[in-house]
Amino acid sequence: MAWVAGDQLQGGKYTVEKELRRGRFGITYLVKNKNSDRQIIKTLDINLLTSLNQSDRERLETMFLQEAVKLTRCQHQHIVKFSEPFKEAESSCLVRGCLKSLIYYLQGRLEVAATQTKPTFVGSKALIFR
């Protein structure tokens, strides 16, 4: 079951704001925690899980949780910090910090936040991508 805006996770610790993106294996949500900080929750798609046999389902969930372990080792300014894994009903979830640029990327569009100035390029330093 996919979550919708207003759904409470972990006994109210997180409130779903919206679904950001569906991928091949999972769904990514924008949530707010109790401090009103925005975070990202990634979860496996329950429809996919129910279509798998028990062995494949367990293997996929193990790989998903191993991703959490690997993320805790990643320390870089451009990598969103991993927060915690948890189970909500039948869904394994990974909580990550939130960057505006990540939200825009996951929504599939490029935007410049209203609080940021638009980048300017000097002709000799601008890169042209084709």
Stepwise side-chain contact (heavy atoms from CB on, under 4.5 Å) check, E58 with Q54:
CA-CA 6 Å; E58 288 173 2; Q54 183 67 26; 2.6 Å; yes
Between D45 and R22, the two heavy atoms sitting closest are OD2-NH1, 3.9 Å
Criterion side-chain contact (heavy atoms from CB on, under 4.5 Å) on R59 and D56, from CA distance to verdict:
CA-CA 5 Å; R59 186 175 60 83; D56 288 342; 4.2 Å; yes
From Q39 CD over to R96 CZ, what is the distance, rounded to the nearest 0.5 angstrom?
11.5 Å
Where I40 and G97 come nearest, the two heavy atoms and their spacing:
CG1-O, 3.7 Å
With rounding to the nearest 0.5 angstrom, report the CD1 to CD distance, I46 to E88.
11.5 Å
For the residue pair I27 and R21, establish whether any side-chain heavy-atom pair is separated by less than 4.5 Å.
no
Looking only at heavy atoms, what is the nearest atom pair of A5 and E17, with distance?
CB-O, 3.2 Å
Between K13 and Q8, is there a side-chain heavy-atom distance shorter than 4.5 Å?
no
Worked check of side-chain contact (heavy atoms from CB on, under 4.5 Å) between L9 and I41:
CA-CA 10 Å; L9 309 177; I41 290 184; 3.7 Å; yes
Here the pair of heavy atoms bringing S92 nearest to L65 is CB-CD2, 4.4 Å
Just checking E90: does its CD atom have more than 12 heavy atoms from other residues, nucleotides or ligands closer to it than 6.0 angstrom?
no
Interatomic distance, T43 atom OG1 to L49 atom CG [nearest 0.5 angstrom]
8.0 Å
What is the distance from atom NZ of K34 to atom CD of Q10, rounded to the nearest 0.5 Å?
10.5 Å
In one Ile/Leu/Val/Met/Phe/Trp/Tyr side-chain cluster, 4.5 Å: F64, F25:
yes
If every non-hydrogen atom of R57 is compared with every non-hydrogen atom of T50, which pair is closest and at what distance?
NH1-CA, 4.0 Å
Just do the side-chain contact (heavy atoms from CB on, under 4.5 Å) check on R38 and L30 with the steps written out, would you?
CA-CA 7 Å; R38 285 184 158 172; L30 177 64; 4.0 Å; yes
Does N33 use its side chain to pair, donor to acceptor, with the backbone of N35 at less than 3.5 Å?
yes
Mind checking the CG-CG spacing from L52 to N47? Nearest 0.5 Å is all I need.
11.0 Å
Nearest heavy atoms of E19 and Y29, plus distance in Å
CA-CD2, 3.8 Å
Out of curiosity, Y14 OH to D7 CG, how far, rounded to the nearest 0.5 Å?
15.5 Å
